[in-house]
Amino acid sequence: MPDTKIINICFHGIGTPGRELEEGESAYWITEEKFHWILDEIAGWPNVRLSFDDGNTSDIEFGLPALRQRDLTATFFVLAGRLETAGSLDPDGVVELRKHGMSIGSHGMDHRPWRGMDPATRDRELVEARARLAEISGEAVRAAALPLGRYDRRLLGDLRRLGYETVHTSDRKVARAGQWMQPRFSVRSDDTPASLRASALRPATPRQRARSAAVGLVKRLR
């Protein structure tokens with residue numbers, strides 16, 4: 001049903017990073033123990049969809065085995081420009097994810113905001129990165145996740161014209177099945193099963209809904 005509520009949960013890094021983290025990135029890395037704890041919690045939620053951003057090696061080391069143990073699937077939004085660099089997936093890792101039924105989406109090339117790109121950067125981030133991931137995975141890449149969660153009207157128009165079938169944000173609200181834009185709840189280092197339940201499963205208050213709608217409108221109209 002088009003009106004079905006969807007809860008999108010996004011993981012980033014698990015365990016010890018294998019590279020130097022960007023400023024603010026440590027807030028989205030969690031321990032392996034916490035990852036299993038949270039995964040066991042959300043595995044029982046209705047209409048939950050999982051994703052992993054950035055293409056860290058922890059996707060293969062911890063993410064894939066845990067998903068397979070629980071008979072779960074996820075979309076992995078990979079940074080094409082980080083492939084084969086320290087702490088990141090290599091092409092064989094992408095193929096391994098696909099082999100086990102996981103989907104591959106694009107997170108761009110260089111983990112930079114997609115707002116305000118010049119034509120050459122736009123092509124690199126939205127076209128070249130997608131083409132590279134499609135070549136490696138052996139199938140078309142239809143979904144994108146917005147780096148740092150930032151977007152505006154021009155970017156959304158570009159993504160539509162390029163034929164992306166879904167675009168995933170970091171807007172921390174419940175999504176709807178069939179929507180082109182899919183907001184997600186990113187798991188943070190201080191999250192627990194209880195905090196995620198409170199954020200994702202508890203109905204939003206009128207004030208929270210109004211604020212979320214206002215933030216989304218501002219982003220679209222910029």
Side-chain angles (χ1 to χ4, degrees), residues 8-30 35 50-64 74-98 102-137 141-152 154-159 162 164-172 181-189 191 219 222:
N8 290 305
I9 301 293
C10 175
F11 296 98
H12 289 76
I14 305 160
T16 303
R19 58 179 173 80
E20 184 176 350
L21 297 182
E22 299 174 359
E23 183 179 356
E25 191 180 0
S26 61
Y28 297 93
W29 276 77
I30 59 176
F35 171 62
L50 307 179
S51 58
F52 292 72
D53 280 4
D54 301 340
N56 294 302
T57 52
S58 60
D59 291 354
I60 285 286
E61 294 171 356
F62 305 119
L64 180 60
T75 299
F76 288 79
F77 291 100
V78 179
L79 283 163
R82 282 191 188 166
L83 289 169
E84 298 186 276
T85 65
S88 298
L89 294 174
D90 59 18
D92 288 343
V94 175
V95 171
E96 185 74 6
L97 291 170
R98 281 294 306 126
M102 307 300 156
S103 299
I104 304 300
S106 179
H107 204 34
M109 193 72 82
D110 300 318
H111 205 243
R112 53 146 294 151
W114 284 354
R115 290 178 55 206
M117 295 184 290
D118 60 46
T121 304
R122 171 191 171 280
D123 189 67
R124 175 175 170 81
E125 291 290 331
L126 306 186
V127 180
E128 292 178 19
R130 180 191 198 183
R132 184 177 184 192
L133 293 172
E135 181 180 7
I136 292 169
S137 65
V141 172
R142 299 179 173 87
L146 305 174
L148 308 177
R150 301 176 190 173
Y151 58 91
D152 58 17
R154 178 182 177 184
L155 171 62
L156 297 181
D158 286 341
L159 291 167
L162 289 168
Y164 283 92
E165 294 180 5
T166 55
V167 171
H168 297 249
T169 75
S170 303
D171 287 341
R172 293 187 71 80
M181 290 184 70
Q182 289 286 309
R184 301 179 296 170
F185 295 87
S186 288
V187 176
R188 298 168 175 165
S189 58
D191 268 321
K219 287 182 176 180
R222 277 187 299 208

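Because only heavy atoms are used, hydrogens play no part in the values below, and waters and symmetry mates are left out as well, while side chains stay in. In what follows, residues are counted from 1 in the order of the sequence shown. Predicted model, so just to flag it, every value in this text is computed and none were measured.
Take E22 and apply the side-chain hydrogen bond (donor to acceptor under 3.5 Å, both in side chains) test, not counting sequence neighbours, and it matches R82, H111. Residues satisfying the side-chain hydrogen bond (donor to acceptor under 3.5 Å, both in side chains) test with S26, not counting sequence neighbours, are none. Applying the side-chain hydrogen bond (donor to acceptor under 3.5 Å, both in side chains) criterion to T57, with sequence neighbours excluded, gives no partner residue. In terms of the ring pair (Phe, Tyr, Trp, His ring centres under 6.0 Å) criterion, residue partners of F77 (sequence neighbours excluded) are, by chain and number, H168. Checked against salt bridge (charged side-chain N to carboxylate O under 4.0 Å, His left out), R112 has no partners two or more places apart in sequence or in another chain. Residues satisfying the salt bridge (charged side-chain N to carboxylate O under 4.0 Å, His left out) criterion with R142, sequence neighbours excluded, are E165. In terms of the side-chain hydrogen bond (donor to acceptor under 3.5 Å, both in side chains) criterion, residue partners of T169 (sequence neighbours excluded) are, by chain and number, D171. Under the salt bridge (charged side-chain N to carboxylate O under 4.0 Å, His left out) criterion, D110 pairs with R124, not counting sequence neighbours. Partners of A144 according to the side chain to side chain contact (heavy atoms under 4.5 Å, CB included) rule, which considers only residues two or more places apart in sequence or in another chain, are W114, Y164.
Contact check for Y28 versus S186: side-chain heavy atoms found under the 4.5 Å cut-off. Within the 4.5 Å cutoff, the side chain of D123 has no heavy atoms near those of the M117 side chain. Put simply, the side chain of L89 does not reach to within 4.5 Å of the side chain of L79, judged on heavy atoms. No side-chain heavy atom of I104 sits under 4.5 Å from any side-chain heavy atom of I136. Under the 4.5 Å side-chain criterion, counting only non-hydrogen atoms from C-beta, R122 is in contact with L162. Proximity of D191 to I30: side-chain heavy atoms (C-beta onward) are nowhere separated by under 4.5 Å. Taking the side chain as every heavy atom from C-beta outward, L126 and L159 approach each other to under 4.5 Å. Here the side chains of M181 and T166 are not in contact, with every heavy-atom distance at 4.5 Å or above.
Between F62 and F35, the gap from one ring centroid to the other reaches at least 6.0 Å.
Sorted by first and then second residue, the salt bridge (Lys or Arg N to Asp or Glu O under 4.0 Å) pairs involving residues 51-62 (not counting sequence neighbours) are D53-R184. The side chain to side chain donor-acceptor pair (under 3.5 Å) contacts involving residues 8-21 comprise N8-Q182, R19-E25, R19-N56, where partners must be two or more places apart or lie in separate chains.
Scanning both residues, P113 and R150, for their nearest heavy atoms gives CG-NH1, 3.4 Å. Nearest heavy atom pair, residue G105 against residue T75, reads N-CG2, 4.0 Å. Of all heavy-atom pairs spanning E125 and S106, the tightest one is O-OG, 4.4 Å.
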Notebook entry, point to check: Going through the checks in order, is the side-chain contact (heavy atoms from CB on, under 4.5 Å) test met by R132 and L83?
Noted result: CA-CA 10 Å; R132 184 177 184 192; L83 289 169; 4.1 Å; yes
Pairs of donor and acceptor atoms involving the side chains of residues 90-97, under 3.5 Å and at least two apart or interchain, shall be tabulated with distances.
unit_1	atom_1	unit_2	atom_2	d
D90	OD1	D92	N	3.2
D90	OD1	G93	N	2.8
E96	OE2	H100	NE2	3.1

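Formation of a donor-acceptor pair under 3.5 Å by the R130 side chain with backbone atoms of A134 is not found in this model.
Atom-to-atom distance recorded for I9:CD1 and S51:OG is 8.5 Å, nearest 0.5 angstrom. Rounded to the nearest 0.5 angstrom, F76 CZ and F52 CZ are separated by 4.5 Å. F11 CZ to S58 OG: the interatomic distance, rounded to the nearest 0.5 Å, is 11.0 Å.
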